[in-house]
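Read the structure below first, then the notes.
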Amino acid sequence: MASHLDGGRDRINIAIDGPAGAGKSTVARKVAEILHYIYIDTGAMYRAVTYSALRAGISPGDSEQLSQHVESINITLNPGPNGQIVLLNGVDITGDIRSREVTLHVSQVAAVEQVRLRLVNMQRALAKNKGVVMDGRDIGSHVLPDAELKIFLTASVQERALRRFKELNGQDGITLSQLEKEIAERDRKDQERDISPLICANDAIVLDSTSMTIDEVADSIVNLSRTKLAEAK
């Protein structure tokens, strides 16, 4: 990871939570760029574990094997020209973790307690010196409960499915209605899991991005962060 300046007095931590397809990663990356903060995509870390487990022949439902497997792998996040580069044991898997197979199984893997414990410890260590924008499902509620700015970014299921449909651009032959069902099902799994479910932290600011552009959402968060920073001084 890029190193921070000493101190952290001129930076805060920003937690961005929300359901699948709300635009968290794109927005978080833009906010980090504008503020010169470090962007940490926690979803990519869970995807890396899922990809690694599937490649090792481990069933996403085998929590015992997953718990052992997560202790044996090394995940590194590096800034790249087109966003974040994800390395698994030193190998670039940035593109591989976005496969449909990984997408369909990541919620199940993320629900395993030992997987979450290992990754949450890594995430907290990365945020220790401030100046981090971290997105996920439980950042404000669990990973960084002391983050100075917490955003809960949402959008309608229909809008989130449409964004994903456009992103896929006809790949995999998946229909829009199928994507809507899958996103609604993923919401249900994320909200109902026992370990760190998807919830909006009490002190989070809710932003509905259904009718907003990515730039509008990013600008809103940047303005909120500058207000929070002024308050913290």
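Checking side-chain atoms of Asn223 against main-chain N and O of Asp219 turns up a donor-acceptor pair under 3.5 Å. In terms of modelled atom types and a separation under 3.5 Å, the side chain of Asp135 and the main chain of Asp17 share no donor-acceptor contact. Remark: the backbone N or O of Cys200 is not paired with any side-chain donor or acceptor of Lys150 at under 3.5 angstrom. With hydrogens and angles ignored, the 3.5 Å screen pairs a side-chain donor or acceptor of His105 with a backbone N or O of Glu101. For the pair Lys24 (side chain) and Pro19 (backbone), a donor-acceptor distance under 3.5 Å is present. Asn74 places no side-chain N or O within donor-acceptor distance of the main-chain N or O of Asn89, the cut-off being under 3.5 Å. Gln191 contributes no side-chain N or O that, together with a main-chain N or O of Leu198, makes up a donor-acceptor pair within less than 3.5 Å. Side chain of Ser52 to backbone of Ala48: no donor-acceptor contact under 3.5 angstrom is found. At distances below 3.5 Å, at least one donor-acceptor pair connects side-chain atoms of Tyr37 with backbone N or O atoms of Ile12. In this structure, Arg186 contributes its side chain and Ser107 its backbone to no donor-acceptor pair below 3.5 Å.
Contact check for Arg164 versus Leu176: no side-chain heavy atoms found under the 4.5 Å cut-off. Side-chain contact check for Ile174 versus Glu182: some heavy-atom pair is nearer than 4.5 Å. For the pair Ile93/Leu87, no side-chain contact is recorded, criterion being any heavy-atom separation below 4.5 Å from C-beta on. Within the 4.5 Å cutoff, the side chain of Val132 has no heavy atoms near those of the Ile14 side chain. Under the 4.5 Å side-chain criterion, counting only non-hydrogen atoms from C-beta, Ile139 is not in contact with Ile16. When side chains are defined from C-beta on, Leu117 does not count as touching Val70, because their heavy atoms never get closer than 4.5 Å. Using a 4.5 Å heavy-atom cutoff, the side chains of Ile38 and Val133 are not in contact.
Salt bridge Glu148/Lys130: present, at least one basic N to carboxylate O contact under 4.0 Å. Using a cutoff of 4.0 Å between basic side-chain nitrogens and carboxylate oxygens, Asp41 and Arg98 are scored as salt-bridged. Ion pairing of Glu113 with Arg116 is absent here, as no side-chain N (NZ or NE/NH1/NH2) approaches a carboxylate O to less than 4.0 Å.
Side-chain polar atoms of Arg47 and Thr103 form a donor-acceptor pair below 3.5 angstrom. Counting only N and O atoms by type, the side chains of Arg163 and Thr26 include no donor and acceptor under 3.5 Å apart. Asp215 and Thr213 are not linked by any side-chain donor-acceptor pair at a separation below 3.5 angstrom, with hydrogens and angles left out of the test. Between the side chains of Thr154 and Asp208, no donor-acceptor pair of N or O atoms lies under 3.5 Å.
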Should Arg55 and Tyr51 be marked as a side-chain contact (heavy atoms from CB on, under 4.5 Å) after you check the CA-CA gap, both sets of side-chain angles, and the distance that decides it? CA-CA 6 Å; Arg55 209 176 56 167; Tyr51 168 78; 3.6 Å; yes
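In this structure Asp187 satisfies the side-chain hydrogen bond (donor to acceptor under 3.5 Å, both in side chains) test together with Arg160, sequence neighbours excluded. Applying the side-chain hydrogen bond (donor to acceptor under 3.5 Å, both in side chains) rule to Glu71 yields the partners Gln114; only residues at least two apart in sequence or on another chain are considered.
In terms of hydrophobic clustering, with Ile, Leu, Val, Met, Phe, Trp and Tyr side chains grouped at heavy-atom distances under 4.5 Å, Ile34 and Ile221 are assigned to a common cluster. The hydrophobic cluster containing Ile85 does not contain Met122, counting ILVMFWY residues as joined when their side-chain heavy atoms lie under 4.5 angstrom apart, directly or transitively.
Scanning both residues, Leu229 and Arg11, for their nearest heavy atoms gives CD1-N, 3.9 Å. When all heavy atoms of Ser72 and His69 are compared, the closest pair comes out as OG-O, 2.7 Å. The minimum heavy-atom distance linking Val102 with Thr50 is given by the pair O-CG2, 4.0 Å.
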